[in-house]
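To start, the structure under review is shown below, and the notes come after it.
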Amino acid sequence: MPRYLSLVRIDESNVPAEGPSPELMQRMGELLEEITKAGVMLDTAGLLPSAQGTRAHLRGGEVSFTDGPFTETKEVVGGYAIMQCKDKAEALEWAKRFLKVHGDDWTLTLEVREIEEG
């Protein structure tokens, strides 16, 4: 079965100041438990803010590093999931449910891409 990587993209300057509510965390926990019991979820996690990240760059054979925050970046990867689904339609259905769990206070983009095998 194909595997899919979902990248949660957020605008760090436009998230609720108080972060995820207890109700959102409960709904998210229930959904993640359902995805896991369905045998779909292989791995998932949120990521620390980009201010705590470092980017590695390659240019002309030379590697350099830039510490966050990355002021030129509006949208960042805030989390990920790796799922094993029968097809892309199933992966997109789980993605839709993940987004809907967040309600009206969040603006998210979820990029879903099949992992190339071999």
Side-chain angles (χ1 to χ4, degrees):
M1 272 202 301
R3 296 178 301 149
Y4 294 87
L5 173 66
S6 299
L7 299 171
V8 181
R9 297 187 183 276
I10 62 170
D11 177 349
E12 289 180 316
S13 67
N14 191 26
V15 297
E18 66 282 355
S21 68
E23 295 81 16
L24 169 57
M25 295 306 293
Q26 179 179 344
R27 291 191 310 267
M28 182 63 64
E30 291 168 358
L31 178 62
L32 293 178
E33 182 177 340
E34 182 180 350
I35 297 171
T36 301
K37 284 183 177 178
V40 172
M41 185 65 71
L42 300 177
D43 190 23
T44 187
L47 300 175
L48 292 175
S50 64
Q52 297 177 34
T54 301
R55 290 184 178 163
H57 308 271
L58 175 67
R59 177 175 283 154
E62 296 295 319
V63 176
S64 64
F65 298 96
T66 304
D67 290 331
F70 312 110
T71 56
E72 76 283 359
T73 302
K74 182 175 180 177
E75 195 176 69
V76 300
V77 176
Y80 72 93
I82 299 175
M83 300 180 296
Q84 188 166 13
C85 302
K86 65 182 179 219
D87 55 26
K88 189 173 185 180
E90 181 184 9
L92 293 176
E93 182 59 33
W94 287 116
K96 178 181 176 181
R97 292 185 61 193
F98 173 84
L99 291 171
K100 287 190 168 275
V101 160
H102 287 80
D104 298 336
D105 294 334
W106 291 79
T107 301
L108 302 172
T109 300
L110 194 62
E111 181 179 344
V112 178
R113 297 174 61 184
E114 187 172 346
I115 297 171
E116 186 174 23
E117 300 296 336

query: When rounded to the nearest 0.5 angstrom, what is the spacing between OG1 in Thr107 and CD in Glu75?
result: 10.0 Å

- request: Search all heavy atoms of Asp11 against all heavy atoms of Ser13 and return the closest pair with its distance.
  value: OD1-OG, 2.6 Å

message: Can you confirm whether Met1 is buried at CE, in the sense that more than 12 heavy atoms of other residues, nucleotides or ligands lie under 6.0 Å from that atom?
response: yes

message: Could you tell me if the side chain of Ser64 sits less than 4.5 Å from the side chain of Arg59, heavy atoms only?
response: no

message: Let me check something: do Ile35 and Leu5 share a hydrophobic cluster, defined by ILVMFWY side-chain heavy atoms less than 4.5 Å apart, either directly or through other members?
response: no

message: Tell me whether Val112 shares a hydrophobic cluster with Leu42, the cluster being built from Ile, Leu, Val, Met, Phe, Trp, Tyr side chains joined at under 4.5 Å.
response: no

message: Has Glu12 got a side-chain atom pairing as donor or acceptor with Ser50's backbone, closer than 3.5 angstrom?
response: yes

query: CG of Leu7 to CG of Leu110: how many Å apart, nearest 0.5 Å?
result: 8.0 Å

field: Closest approach of Pro20 to Met25 (non-hydrogen atoms, all atoms of both residues)
entry: CB-SD, 3.6 Å

query: Looking only at heavy atoms, which two atoms of Glu114 and Pro2 are closest? And how far apart?
result: OE2-CB, 3.3 Å

- request: Using the rule that two of Ile, Leu, Val, Met, Phe, Trp, Tyr join whenever any of their side-chain heavy atoms come within less than 4.5 Å, decide whether Leu99 and Val40 are in one cluster.
  value: yes

- request: Report yes or no: do Leu47 and Val15 belong to one cluster of Ile/Leu/Val/Met/Phe/Trp/Tyr joined by side chain heavy-atom distances under 4.5 Å?
  value: no

field: Gly103 to Arg27 - nearest heavy-atom pair and separation
entry: N-NH2, 4.4 Å

query: To the nearest 0.5 Å, how far apart are CD in Glu30 and CE in Met28?
result: 11.0 Å

task: Could you tell me which non-hydrogen atom of Met83 sits nearest to which non-hydrogen atom of Ala91, and how far apart they are?
output: CE-O, 4.0 Å

query: Do Ile10 and Val76 touch side chain to side chain, with heavy atoms closer than 4.5 Å?
result: yes

- prompt: Hey, are the side chains of Trp94 and Cys85 touching, using non-hydrogen atoms and a 4.5 Å cut-off?
  reply: yes

task: For Tyr80 and Thr44, work out which heavy atoms get closest and say how close.
output: O-OG1, 2.8 Å

statement: dist Leu92:CG -> Asp87:CG (nearest 0.5 Å) comes out at 9.0 Å

message: Less than 4.0 angstrom from a charged side-chain N to a carboxylate O is my criterion; do Glu111 and Arg9 meet it?
response: yes

- prompt: Which distance, rounded to the nearest 0.5 Å, do you find between the NZ of Lys88 and the CZ of Arg113?
  reply: 10.0 Å

- prompt: Quick one: do Lys37 and Glu33 make a salt bridge, cutoff under 4.0 Å?
  reply: yes

- prompt: Between atom CG of Leu24 and atom CH2 of Trp106, what is the distance when rounded to the nearest 0.5 Å?
  reply: 6.5 Å

